[in-house]
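Just so you know, ligand 1 is whichever comes first in the structure, and atom 1 is the first atom listed for that ligand.
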Amino acid sequence: QPKSTNIKYHEGISREDKWKHTGHKGITLWMTGMSGSGKSTISVALENALVSNQPKSYFVYRLDGDNLRFGLNRDLGFAPADRKENVRRVAEVAKLFAEAGAIVICGLISPYKADREFAREVHVNASLPFMEVYAEASIEALTKRDPKGLWKKALAGEIKGFTGLDAPYEAPENAEVHVKTETTPVPEAVNMILAKLDEVGINLPRTFRPVSTEPEGSCESK
Ligand SMILES: Nc1ncnc2c1ncn2[C@@H]1O[C@H](COP(=O)(O)OS(=O)(=O)O)[C@@H](OP(=O)(O)O)[C@H]1O
Ligand SMILES: Nc1ncnc2c1ncn2[C@@H]1O[C@H](COP(=O)(O)OP(=O)(O)O)[C@@H](O)[C@H]1O
């Protein structure tokens with residue numbers, strides 16, 4: 001519930017009218033998984049596939065957990081309440097972008113099921129499509145990959161409350177897409193997500209606008 005009272009929601013132009021510009025519906029793809037599981041790698045590859053590999057570019061916007069912590073979420077840490085607020089804010093921002101017609105790719109660890117469910121509800125309540133994508137890899141693989149050296153630091157006790165070590169990760173049970181990134185190459189993961197997008201059906205049907213059948217210059221003669 002909002003803290004403010006005496007506020008009123010104002011409607012603008014319809015979502016359908018906004019989506020006419022993009023030629024497709026907005027949707028939020030929520031990538032979850034532990035650090036190093038492949039959220040960013042797959043998100044960027046998917047973004048490229050949608051922007052550069054299609055006959056017509058899609059309107060895509062990535063909301064990356066790490067990146068947002070430099071700005072919008074700079075006041076948040078990694079305590080459970082902070083992670084919850086992190087997910088809430090990103091879910092609300094994603095909803096706004098999806099309303100504007102974007103394919104929003106969120107990449108957040110989002111370790112708690114309840115928080116991810118909240119993100120889904122925000123979209124469902126606004127009648128916006130939402131799908132969860134689970135990037136999974138074993139702790140063994142994650143500690144080997146360790147692109148940022150964070151697992152090494154956390155294992156050495158230099159990071160407290162690290163997801164997968166001394167902070168929980170509640171794995172999704174019903175994610176729309178489940179990518180086992182130890183055995184699924186990145187392009188295959190992208191194609192799995194594209195196939196799911198096709199299933200949801202975000203492309204808007206197009207019909208041709210007929211040409212005028214009035215004789216040329218008939219306007220002036222009236
Ligand atoms: N304690 C702890 N636990 C997990 N991750 C940590 C931690 N401290 C810093 N980092 C870095 O922060 C990135 C995760 O931020 P998120 O906003 O995605 O996290 S969360 O959804 O709020 O749980 C995460 O990014 P990714 O590696 O891309 O997942 C890490 O780079
Ligand atoms: N199949 C795969 N899918 C995604 N990432 C992979 C895969 N195989 C290896 N990797 C590597 O794993 C690391 C994943 O890191 P990153 O995408 O930053 O994860 P996250 O955003 O979840 O923290 C990268 O170094 C990437 O090259």
Between [X] and [Y], is there a donor-acceptor pair closer than 3.5 Å when you use the side chain of the first and the backbone of the second?
| X | Y | value |
| --- | --- | --- |
| Arg69 | Arg74 | no |
| Arg62 | Ile105 | no |
| Asn86 | Val90 | no |
| Thr181 | Glu136 | yes |
| His123 | Met131 | no |

*So, Arg15 versus Ser127: side-chain donor-acceptor pair below 3.5 Å or not?*
no

*Could you tell me whether the side chains of Asp64 and Ser40 share a donor-acceptor contact shorter than 3.5 Å?*
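A donor-acceptor contact under 3.5 Å links the two side chains.
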
Numbering as shown, the atoms of ligand 1 that approach [X] to under 4.0 Å (heavy-atom distance):
| X | answer |
| --- | --- |
| Thr163 | 3 (N), 4 (C) |
| Gly161 | 1 (N), 2 (C), 3 (N) |
| Ser110 | 20 (S), 21 (O), 23 (O) |
| Lys160 | 1 (N) |
| Asp66 | 11 (C), 12 (O), 13 (C), 24 (C), 25 (O), 28 (O), 30 (C), 31 (O) |
| Gly65 | 17 (O), 18 (O) |

*ligand 1 versus Lys39: contacting region, heavy-atom distance under 4.0 Å*: side chain

*Relative to ligand 1, is Leu150 under 4.0 angstrom through side chain, backbone, both or neither, heavy atoms considered?*
side chain

*Would you check whether Ser40 has a nitrogen or oxygen atom less than 3.5 angstrom from a nitrogen or oxygen atom of ligand 1?*
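No: no nitrogen or oxygen of Ser40 is under 3.5 Å from one in ligand 1.
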
*Would one find an N or O of Phe78, backbone or side chain, under 3.5 Å from an N or O of ligand 1?*
no

*Determine, using heavy atoms of Pro111 and all atoms of ligand 1, whether some pair is separated by less than 4.0 Å.*
yes

*Please indicate whether Lys144 has more than 12 foreign heavy atoms, meaning atoms of other residues, nucleotides or ligands, lying under 6.0 Å from its NZ.*
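Open: at most 12 neighbouring heavy atoms sit under 6.0 Å from NZ of Lys144.
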
For [atom], tell me which residue out of [options] has the closest non-hydrogen atom.
| atom | options | answer |
| --- | --- | --- |
| atom 13 (C) of ligand 2 | Ala141, Gly36, Gly107 | Gly36 |
| atom 8 (N) of ligand 2 | Glu182, Lys148, Arg145 | Arg145 |
| atom 5 (N) of ligand 1 | Ile109, Leu108, Asn67 | Ile109 |

*With Leu96, which residues qualify under side chain to side chain contact (heavy atoms under 4.5 Å, CB included), at least two apart?*
Glu99

Protein heavy-atom partner closest to [atom] - residue, atom, separation in Å:
| atom | result |
| --- | --- |
| atom 2 (C) of ligand 2 | Thr181 O, 3.5 Å |
| atom 26 (C) of ligand 2 | Thr41 OG1, 3.7 Å |
| atom 16 (P) of ligand 1 | Arg69 NE, 3.7 Å |
| atom 28 (O) of ligand 1 | Lys148 NZ, 2.9 Å |
| atom 20 (S) of ligand 1 | Asn86 ND2, 3.6 Å |
| atom 2 (C) of ligand 1 | Phe162 CD1, 3.5 Å |
| atom 23 (O) of ligand 1 | Arg83 NH1, 2.8 Å |
| atom 25 (O) of ligand 2 | Pro147 CB, 3.8 Å |
| atom 27 (O) of ligand 1 | Ser35 OG, 2.6 Å |
| atom 21 (O) of ligand 2 | Ser40 OG, 2.6 Å |

Check whether any side-chain heavy atom of [X] lies under 4.5 Å from a side-chain heavy atom of [Y], and answer yes or no.
| X | Y | answer |
| --- | --- | --- |
| Leu108 | Thr32 | no |
| Met34 | Ile139 | yes |
| Trp151 | Leu165 | yes |
| Glu132 | Val177 | no |

Under 4.0 Å from any heavy atom of [X], which atoms of ligand 2 are there?
| X | answer |
| --- | --- |
| Gly38 | 4 (C), 5 (N), 14 (C), 17 (O), 19 (O), 20 (P), 22 (O) |
| Met34 | 22 (O) |
| Ser35 | 23 (O) |
| Val186 | 1 (N), 2 (C), 3 (N), 4 (C) |

Between [X] and ligand 2, which residue portion shows a heavy-atom distance shorter than 4.0 Å: side chain, backbone, both, or neither?
| X | result |
| --- | --- |
| Lys39 | both |
| Ser37 | both |
| Thr184 | backbone |

_Tell me whether Glu85 is salt-bridged to Arg89, with the criterion being a basic N under 4.0 Å from an acidic carboxylate O._
yes

*Apply salt bridge (charged side-chain N to carboxylate O under 4.0 Å, His left out) to Glu173 and Lys113, showing your working.*
CA-CA 9 Å; Glu173 280 152 21; Lys113 251 185 217 165; 2.8 Å; yes

*Centroid-to-centroid, His24 to Tyr58, below 6.0 Å?*
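Under 6.0 Å, so yes.
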
_Below 4.0 Å from ligand 2: does a non-hydrogen atom of Gly33 turn up there or not?_
no

*Establish, for the pair Arg116 and Tyr169, whether the NZ or CZ atom is under 6.0 angstrom from the six-membered ring centre and no further than 45 degrees off its axis.*
yes

_Test of understanding: with ring-ring contact (aromatic ring centres under 6.0 Å, His included), list the residues that count as partners of Trp19, not counting sequence neighbours._
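Applying ring-ring contact (aromatic ring centres under 6.0 Å, His included) to Trp19 gives none.
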
